[in-house]
Every structure is written in C-alpha cells, then in structure tokens.
Amino acid sequence: MSSVEIRKVTDKQSLEAFIQFHYDLYRDNPYDAPNLHSDEVHTLSKDKNSAFEFCEAEYFLAYKDGKVVGRIAGIINHRANDRWGRKSVRFGWIDFIDDMEVSAALFDAVSAWGREKGMTELVGPLGFTDMDPEGMLIEGFDQLGTMSTIYNYDYYPRHMEQLGGWEKDNDYVEFKLIVPKDGMPEKYKKIAEMVMKRYNLHPVHPKRSQILGKEQIGRKVLEVVNKSYQNIYGFSEMTEAQIDEYLKMYFPMLDMDMLCLIEDWNTPNHDIIGVGISITNMTRALQKCKNGRLFPFGWWHCLKALKFHQAECLDLLLIGFLPEYQQKGANALLFYDLIPKYQKYGFKWGETNVEMETNEKVQSQWQYLEHEQHKRRRCYKRLISPLS
C-alpha cells in the first residue's frame, strides 16, 4: 500500500499550501526564478484567471508522513484541444521531492481526473495557455532561470524516464546571446537599412500613455501576437478578456526603451506588424522576495532591477511578426534598434524565450550574434487508458 496520500485543493488554505510548496522546495536555490505569490494566486484562481472561460482545472497535493511532498495541476484547455484535434489533459505546476512513489502518485491523480473527463493523453508541463511557462528542463540545470520559464531539479526528467510510458511530444531550446560590446553587427545593419528602404518598415517606441490609452497600442501588440503564434505548438488564441488581463498585469512594468514595435508606413495608420519585448532579468530580485511576496522588502529589489537595469542579463520575452512579413527580414530591425539600448544599459548577454527545436527560422535570427544553446526543455506525452 502506498504511503503517499493525494488530496485535491479545495479551498484557499490548500491553495496556499500548493503555492508555498515550490518556495519551500527551491529555497536558496541559485538558479530558480520564483514566481510572485500574487501572480500565482491570480493564475490559479478560477474567479480571477480569464483562461477559465475555456479551461477547467484541478490541483493536487501529495502528502507523506503528514507533510506536503509534491504538487501538480491538471488542466484541460478546450480551445487548444479543438484547435489541434487532441484530447489532452495538461499537467503543470509539477514539483516533487526525489521520491518515485510521490511523482507516480501525482501523475496517476491527474491521469484519473483526465480519464473521467474523456481525455486520452496526458501532456506537459504546460500551463493554461502558451503565455504560461512550459516544458521541463532537461539540460542547463546550472544556468540562471527566468521569470517566463520553468526551473526544475535534474531528478525530474530522471523520474519521467524511470516511470515509463512517457515519450517526447515536443522539445524547446533556449539560447544565450552575447551583447556586442560596442557597435552594431554589420549584417543586422545592412539588412535593417535595406528593409526600411525597400518595404518602408520602421522601428518605433510607444509612449507609456499610448499602451493603455485611447490609441490602444497594447491591444494591437497582443493582436499581432495572436496572429504570429497561431501555428505554434499548443497555442490557443488569446480572448478579449485575456488581452485585457495581460494589459493590466504586465504592460505597466515594461520599459518603453526595451519595447520595440515595427510599423508598416505604407499603411494609412502605420499598422503594427511586429513586436519585440525585452526586460531586465528579474531572477536575482525575485529570489529576494521572501515566499514570492513584494512586501516588506521585495518590491525594492524588483524596482531597482526594472528601473535601474541592475542585472547583467536581459530576457527576450517575446518576438512576433504577422505571417505575411516573416520573410522580409523585418526581425533585423528589432536588433538594429534594441542592441544600442542594451549596450547603453550595460547588459552583457540576453536570454531567448523557449523556441521549438524544429523552428530553424526563429533560431536563424541569432546567427549574427555570438550565441550558445545552453538550455533544453521537454514536453512529455503519455497515453491514458480508457475507463473499463
């Protein structure tokens, strides 16, 4: 008989235990970027996260000897399942001690729930949508994590192998990009100047007042993201409610110097056709927020990082272009515009976001910079046997 007890999260107290477990398991880990407690509460609360318009979820805690020893979320994104023709239950927020009995019990709990819902496969780690962190780290355990990705101990993928039945569904790679000490890589300069002249495309930086003001620049940016990511693995288009949510939660913290938009000046309204969003790496600041809380002192460390760029590294959160512009070299305009900003702020290197290993078009963007593939992460898949 198993010594592991699985309990569903049913109230605020058990949700708090679910969130707290990650902080406890990774306390003093030098690579983990802990999420803010308030963001976790928002994302996991059915009355706050607008993804619950088309998702359903259950959260499970594993107990052993009266202590929490693991957690997992089961998520069904009905929009994504309809879009990709799958019957997937996703697992996310997966954490456990190095105990095979614990990890097995967690996956069995989500599989059983998914089976009850008519799902045929368990896939993950994935969040509610593509805007949540995804993919289990399988290479790069000694590399600094980022706020938009998952960090996990090296025993996690070993458990996946030993449990059996799991196969690779998708791999992501990440790159470390060295910021040139001075000057602009000649190739970026040449392509960018050609693109501006031939296609009349131009980089611009909106004012903060334009993001949420009557011009609705922020909304237009996320509409570009919807169209540019529509064929990416697991993506489900953001709803109007989600767009409103992301605008309020994340855009106010962005540095307008590090948010570059590409406009098509052939159109009457200078339509936005591409976007590049980068941010100071927040990992060291987040590590100083005790249990993910901004108060009493965490806010100061986060403010210093954001306002004064007190980090050697920057995160490339998002790069996207409308499909009809993706073959025109417009991405070179982003680097042409942003690299001088990175040099001004003293950044030494940048972290790409996760990229599908097969997406050679995206990875070719880095060819004119000194770069290193330093992380790999995996989404796993396991079939769920039907109810007898």
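Ring geometry, Y151 versus Y31: the interplanar angle falls from 30° to 60°, so the pair is classed tilted. Taking the six-membered ring where tryptophan is involved, the planes of Y188 and Y368 are perpendicular, since the angle between them exceeds 60° and thus also 30°. Ring geometry, Y156 versus F96: the interplanar angle falls under 30°, so the pair is classed parallel (tilted spans 30 to 60°). In this pair, F347 and Y345 present their aromatic rings perpendicular. The plane angle is above 60°, beyond the 30 to 60° band.
Residues G145 and N281 share a closest heavy-atom pair of O-ND2, 3.8 Å. Shown here for G183 and Q343, the closest heavy-atom pair between the two residues is O-NE2, 2.8 Å. Contact between Y59 and A73 at its shortest, heavy atoms only, is CD2-CB, 3.6 Å.
A donor-acceptor pair under 3.5 Å links the side-chain atoms of T352 to the main chain of F175, judged by distance alone. Under a 3.5 Å cut-off, the side chain of H371 and the backbone N or O of L369 do form a donor-acceptor pair. Side-chain atoms of W299 come within 3.5 Å of backbone N or O of P296 as a donor-acceptor pair. A donor-acceptor contact shorter than 3.5 Å is absent between the side chain of D315 and the backbone of L317.
Residues R293 and S38 bring no donor and acceptor atom of their side chains to less than 3.5 Å of each other. Side chain to side chain, W93 and E40 meet the donor-acceptor criterion of an N or O pair below 3.5 Å. In summary, the side chains of N35 and H22 do not present any donor paired with an acceptor at a separation below 3.5 Å, with no hydrogens or angles considered. W366 and E355 form a side-chain donor-acceptor contact under 3.5 Å, judged by distance and modelled atom types alone. Using modelled atom types, one finds a donor on one side chain and an acceptor on the other under 3.5 Å when comparing D264 with Y325.
Look at D257 and K344 and you find a salt bridge, because one of the NZ, NE, NH1 or NH2 atoms lies within 4.0 Å of a carboxylate O, short of that distance. The pair D154-R158 meets the salt-bridge criterion, with a side-chain N (NZ, NE, NH1 or NH2) lying under 4.0 Å from an Asp/Glu carboxylate O. At a threshold of 4.0 Å, the pair E16-K12 does not count as salt-bridged, since none of the basic side-chain nitrogens sits closer than that to a carboxylate oxygen. With respect to the salt-bridge test (charged N to carboxylate O, under 4.0 angstrom), the residues R376 and E357 qualify. A salt bridge links R382 and D108; the closest N-O separation between the charged side-chain nitrogens and carboxylate oxygens is under 4.0 Å. Using a 4.0 Å cut-off between charged nitrogen and carboxylate oxygen, D171 and R378 count as a salt-bridge pair. In summary, E351 and K375 engage in a salt bridge, as defined by a charged side-chain N under 4.0 Å from a carboxylate O. Salt bridge present: R219 and E240 bring a charged side-chain N and a carboxylate O closer than 4.0 Å.
Crowding of K341 atom NZ: a count of heavy atoms from other residues, nucleotides or ligands under 6.0 Å exceeding 12.
Criterion: ILVMFWY side-chain heavy atoms under 4.5 Å apart, direct or through other members. Under it, I150 and M356 are not part of a common hydrophobic cluster. The cluster map of Ile, Leu, Val, Met, Phe, Trp and Tyr, joined by side-chain heavy atoms under 4.5 Å apart, puts I94 and V89 in the same cluster. Y246 and M256 fall within a single hydrophobic cluster, where Ile, Leu, Val, Met, Phe, Trp and Tyr are joined by side-chain heavy atoms under 4.5 Å apart, directly or via other members. Residues Y380 and L383 do not share a hydrophobic cluster, defined by chaining ILVMFWY side chains whose heavy atoms lie under 4.5 Å apart.
Figure legend: R79 and F54 shown as a cation-pi pair, the cationic atom lying under 6.0 angstrom from the six-membered ring centre and within 45 degrees of its axis.
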Can you give each donor-acceptor pair under 3.5 Å made by side-chain atoms of residues 127-137, sequence neighbours left out, with the distance rounded to 0.1 Å?
from, atom 1, to, atom 2, distance (Å)
T129, OG1, M131, N, 3.2
D132, OD2, F128, N, 2.8
D132, OD2, T129, N, 3.2
E134, OE2, Y172, OH, 3.4

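For the side-chain contact (heavy atoms from CB on, under 4.5 Å) with E139, the lone residue among H374, Q373, R377 that qualifies is Q373.
Considering OG of S278 and CG of L316, their distance stands at 6.0 Å, rounded to 0.5 Å.
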Please lay out, stage by stage, how L122 and R90 fare under the test side chain to side chain contact (heavy atoms under 4.5 Å, CB included). CA-CA 6 Å; L122 180 59; R90 302 174 171 205; over 6 Å; no
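Take D169 and apply the salt bridge (charged side-chain N to carboxylate O under 4.0 Å, His left out) test, not counting sequence neighbours, and it matches R86, K381.
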